[in-house]
Amino acid sequence: MERYERHGGVALTKATQWKRYSSERKQEAVEAYLNNGIPQRDIIHIYGISNRPVLQRWIMQYHQGALSKKRRGSPMTHERSTI
């Protein structure tokens with residue numbers, strides 16, 4: 001309901017692709033929440049985060065020390081030969 005009140009009917013349409021956030025943006029949002037006592041609801045609006053579970057996952061990763069270390073894709077497991 002809150003999304004509808006803030007953004008109208010367009011807020012209720014389903015996204016066609018995942019929204020991506022830089023590691024800096026994630027770190028800023030989590031630290032703003034932890035250090036400044038800003039409610040999660042406000043953080044997601046300030047930083048343009050799609051929903052609270054996304055922010056909550058970042059907070060968990062932050063506490064585990066994994067927030068800034070996460071990278072896309074898998075690490076190389078085989079060396080390329082240069083014949």
Look up atom CD in Glu28 and atom CD1 in Ile46, then write down how far apart they are to the nearest 0.5 Å.
11.5 Å
With a 4.5 Å heavy-atom cut-off, do Asn51 and Ile44 have their side chains touching?
no
Is Gln40 close to Ile59 at the side-chain level, that is, under 4.5 Å between some pair of heavy atoms?
yes
Residue pair Tyr47 / Lys26, side-chain heavy-atom distance below 4.5 Å
no
Is the shortest heavy-atom distance from the side chain of His63 to the side chain of Met60 under 4.5 Å?
no
Can you list the residues that meet the ring pair (Phe, Tyr, Trp, His ring centres under 6.0 Å) rule with Tyr21, with sequence neighbours excluded?
Trp58
Distance from Leu55 atom CG to Ile43 atom CD1, nearest 0.5 Å?
7.0 Å
Tyr33 vs Ile38 side-chain heavy atoms within contact, under 4.5 Å
no
